[in-house]
Amino acid sequence: MKLSTPIIEAICNSYPEVDVSDFIFSTPPTLELGDMAVPMFPLAKKMRKAPHVIAREIAATIEGNDHIASATATGPYINFKLNRAHVGAGIIDAILKAGKQWGSNASGVGQKVLIEHTSINPNASPHVGRGRCAMIGDSITRLLRFEGYDVEVHYYVNDMGRQIGLLVLIADELENLTFDQILDAYVTANQRAKEDPEFAQRGYDLLARIEDGDPEIQRKFHDVTDLCLRGQLAVLERLNVSYDVFDKESLYINDPRLKLIEHALTETGALFTDEKERRVVDLSKLGYQPEEGRYFVLRRANGSSMYGCRDLVYSMDKQEKGASLTMMVLGEDHKLYAQQMALMLEASGVPAPEVVYYAYILLKDGKMSTRQGKVVLLADFLDQASERARERVAEQFPDLSNEEHDAIAEQVAVSAIRFAVLRVKSNKNVTFDMESALSFQGDTGPYIQYSCARIRSILRKSEVPIPEKSDSLFCVSTDAEWSLLLKLTSFTEVVADAATQRVCAPIANYALELAHTFTSFYHDCPVLTAGDPNVTNMRLLLCCATLQTLSNALHLLGIETPERM
RNA sequence: GCCCCGAUAGUUCAGUGGAUAGAACGAGCGCCUCCUAAGCGCUAGACACAGGUUCGAUUCCUGUUCGGGGCACCA
């Protein structure tokens with residue numbers, strides 16, 4: 001039950017004319033003032049009385065019960081104190097009963113979602129900017145699954161196009177191209193295409209041939225793409241990011257459904273052949289206002305299709321898979337493009353996907369640049385972070401095996417990067433600083449994992465059995481315990497808001513706050529050495545509930561919690 | 001030039017139409033015979049600027065400045 005429900009009931013009992021929508025709950029600045037506050041400003045207008053007068057009147061009529069200990073008017077607010085033992089026991093029991101499901105509102109049960117994310121061009125090992133897309137997409141997937149949605153994750157493989165053509169040319173020259181060489185090869189290829197028109201033309205020729213279905217060329221494109229994709233997926237897998245379905249761009253080249261789209265666009269008068277024999281969509285015919293970005297080219301003069309062509313069919317294909325919601329995670333550089341696609345899709349009777357955008361990750365000295373080698377590769381970060389974490393764990397737990405050291409180190413490294421990226425709202429540029437990301441101190445993923453490890457340590461050492469639920473002697477004797485209980489119970493609401501808004505940053509920040517609240521409790525309230533068996537019991541329950549909540553929150557972020565660290 | 005995002009402490013980030021704007025890093029001072037010091041406590045420090053809406057704006061709106069992204073044959 002929500003903490004606010006008994007309060008609403010109590011007020012409505014005395015004031016039947018008050019409507020639920022008049023309530024805005026907030027938290028008083030300090031626990032001394034109360035646990036929950038209701039400001040009287042909205043009611044003041046309705047009842048034509050000063051807020052502090054109403055507060056005093058209403059507070060006087062409220063009687064304590066199981067849930068409510070007291071109601072006090074403080075200026076224009078009514079501050080409620082809750083019955084700590086009763087409410088606290090209810091919170092603990094709800095968490096332990098729900099277990100791994102604790103926090104879920106089950107808002108997505110029975111609904112299917114198709115989400116596409118990451119879809120990196122197969123040309124290099126992914127850097128942290130690309131990783132932002134993967135981590136956001138993966139966390140939204142986890143969040144929606146947690147809420148009960150049936151989610152299918154798709155990855156669009158850009159296995160053709162000019163860049164792959166150039167890469168194929170280079171691969172032909174160098175034999176046995178490896179994944180590690182691909183970035184260099186890609187940079188070289190682009191450089192040459194710029195300086196050598198003949199080389200560039202050969203790349204375009206390859207595109208025309210693959211579109212004609214030349215099997216030899218298809219094989220070459222496939223080999224280069226596959227090499228690259230496998231290398232990229234290995235890195236993403238280290239980050240706990242996974243996909244269900246891989247859709248190859250090349251499969252959509254000569255898709256008959258494109259004709260349907262072109263037909264629909266022609267019907268609206270938007271699709272025309274321009275003076276250079278290109279097939280162009282005039283988006284202003286579809287309701288697009290600005291002059292910039294008004295025209296969208298579907299086919300080159302020679303009839304070969306542009307990227308957008310295949311993407312239109314791909315979007316149609318995704319929509320036809322029967323999901324009630326289709327989503328994409330895109331960099332903000334794709335905003336205009338996605339808007340253009342949406343207009344063309346809708347004109348063709350295909351609903352546009354819902355898009356989550358993310359802004360770029362910057363480095364301290366500016367933008368990342370693949371060409372200048374100014375990037376932080378995910379693999380490099382993970383290697384360094386893992387190495388650092390390993391040294392620490394090996395020193396602290398020499399009894400554990402090498403494999404265990406490695407496993408913990410990797411979990412810590414992944415948590416460092418995932419947390420650092422996910423805690424920032426996705427529409428903001430993030431400045432990534434290698435040193436602070438590697439430090440594991442302060443507001444970091446490892447800090448939260450550390451809190452979990454401390455809880456596990458207590459549970460391991462407990463000589464009394466861990467209780468499964470609260471008993472009649474449950475009591476909350478300190479503010480530290482009570483603050484922790486209040487923090488725990490707010491998880492459900494955090495999840496609900498995050499899921500409806502398709503954001504994961506609030507989950508990350510919640511986990512951090514909860515870890516801080518737990519640590520205060522940890523320092524103030526001895527568990528095993530409390531002296532009173534009832535207090536120990538209660539605190540053990542509190543530890544279990546906190547561990548469950550932190551684990552659930554971290555799971556949504558794709559972060560695991562080691563037993564020791 | 002036009003369009004879309006953003007601007008909170010020295011730095012990196014939270015947050016809210018209402019009671020004292022939170023952390024962390026960095027700086028200074030403390031704390032391990034005590035469940036893991038990847039920790040804790042204390043001190044110093046911020047809502048870019050100007051208007052407007054409102055009983056009340058850091059939050060909503062407009063403008064300015066600064067930063068990021070985009071604007072037809074790349075994908």
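Convention: sequence-line order gives letters A, B, ...; per-chain numbering from 1. These values consider heavy atoms only, across backbone and side chains, with no hydrogens, waters or symmetry-generated copies.
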_Closest approach to the side chain of Lys428(A), judged atom by atom: which nucleotide of A14(B), A38(B), G69(B) is it?_
A14(B)
_Is there a side-chain contact between Tyr337(A) and the phosphate of C4(B), meaning an N or O under 4.0 Å from OP1 or OP2?_
no
*Tell me the partner of C13(B), counting only Watson-Crick (N1-N3 plus N6-O4 or O6-N4) or G-U wobble (N1-O2 and O6-N3) with both under 3.5 Å; none if nothing fits.*
G22(B)
_Both distances below 3.5 Å, Watson-Crick or wobble geometry, any strand: find the nucleotide opposite G56(B)._
none
*Distance, P atom - from G10(B) to G6(B), rounded to whole angstrom*: 23 Å
_Under 3.5 Å on both distances, the Watson-Crick or G-U partner of C2(B)_ = G70(B)
*Contact class for Pro39(A) (heavy atom, under 4.0 Å): base, sugar-phosphate, or nothing?*
nothing
*For U36(B), which nucleotide in any strand shown is its Watson-Crick or wobble partner with both distances under 3.5 Å?*
none
_N-O pairing of Glu291(A) and Arg294(A) below 4.0 Å_ = yes
*Go through G68(B), G6(B), A72(B) for me and flag the one nearest to the Val297(A) side chain.*
A72(B)
*Syn/anti state for C71(B) [syn: chi within 90° of 0]*: anti
*asked:* Starting the side chain at C-beta, find the nucleotide from U36(B), C71(B), U20(B) nearest to Lys461(A).
replied: U36(B)
*Can you tell which of A75(B), U36(B), G39(B) lies closest to the side chain of Met306(A)?*
A75(B)
*Below 4.0 Å: OP1/OP2 of C4(B) and any side-chain N or O of Tyr360(A)*: no
_Should Tyr77(A) be counted as stacked on A19(B), where stacking needs a ring-centre gap under 5.5 Å and an angle between planes under 30 degrees?_
yes
*Quantified in whole Å, what is the C1' atom distance between nucleotide C61(B) and nucleotide G28(B)?*
44 Å
*Nearest to side-chain heavy atoms of Lys335(A), which nucleotide of C40(B), G70(B), C5(B)*: C5(B)
*Determine the contact category for Phe397(A): base if any of its heavy atoms lies under 4.0 Å from a base atom, sugar-phosphate if only primed atoms, P, OP1 or OP2 are that close, otherwise nothing.*
base
*asked:* What I want to find out is whether Glu435(A) reaches Lys364(A) closely enough, with some N-O distance under 4.0 Å, to be called a salt bridge.
replied: no
*Examine the base of A19(B) for any acceptor or donor lying under 3.5 Å from a partner atom in the side chain of Asn79(A), and report the outcome as yes or no.*
yes
_Between U54(B) and G17(B), how many Å separate the two C1' atoms, rounded to a whole number?_
9 Å
*Which residue lies more 5' along RNA chain B, comparing Arg300(A) with Cys525(A) via nearest heavy atoms*: Cys525(A)
*Pick base, sugar-phosphate or nothing for Pro29(A), based on heavy-atom distances below 4.0 Å to the nucleic acid.*
base
*Out of curiosity, Tyr447(A) OH to His516(A) NE2, how far, rounded to the nearest 0.5 Å?*
3.5 Å
*Examine distances only and state if a side-chain atom of Thr478(A) and a backbone atom of Glu481(A) form a donor-acceptor pair shorter than 3.5 Å.*
yes
_Consider side-chain contact (heavy atoms from CB on, under 4.5 Å). Of Leu542(A), Leu547(A), Leu484(A), which one does Phe518(A) pass it with?_
Leu484(A)
*Pairwise P distance, A44(B) and C29(B) [rounded to whole Å]*: 16 Å
*How far does the C1' atom of A46(B) sit from the matching atom of G30(B), given to the nearest Å?*
26 Å
*Per Glu249(A) side chain, nearest of listed nucleotides A75(B), G68(B), A38(B)*: A75(B)
*Please tell me which of the listed nucleotides, A24(B), G39(B), C2(B), lies nearest to the side chain of His516(A)?*
A24(B)
*side-chain contact (heavy atoms from CB on, under 4.5 Å) assessment of Lys248(A) paired with Thr225(A)*: CA-CA 10 Å; Lys248(A) 292 190 165 187; Thr225(A) 310; over 6 Å; no
*Under the criteria of a ring-centre distance below 5.5 Å and an interplanar angle below 30°, is Tyr450(A) stacked with the base of A38(B)?*
no
*Counting only N and O atoms by type, is there a donor-acceptor contact under 3.5 Å from the side chain of Thr536(A) to the main-chain atoms of Pro533(A)?*
no
*How do Val527(A) and Pro28(A) order along RNA chain B: which one's closest nucleotide is nearer the 5' end?*
Pro28(A)
*Distance between the P atoms of U58(B) and C42(B), in whole angstroms?*
28 Å
*If we take the P atom in both A75(B) and C4(B), what is their distance in whole Å?*
28 Å
*So which nucleotide from A75(B), C13(B), G68(B) ends up closest to the side chain of Arg423(A)?*
C13(B)
*Return the nearest nucleotide to the side chain of Val424(A); candidates are A14(B), C4(B), C40(B).*
A14(B)
*Per His523(A) side chain, nearest of listed nucleotides A38(B), C5(B), C40(B)*: C40(B)
*Nucleotide paired to U64(B) in any strand shown, Watson-Crick or G-U, under 3.5 Å*: A48(B)
*asked:* Less than 4.0 angstrom between a side-chain N/O of Gln449(A) and OP1 or OP2 of A38(B), yes or no?
replied: no
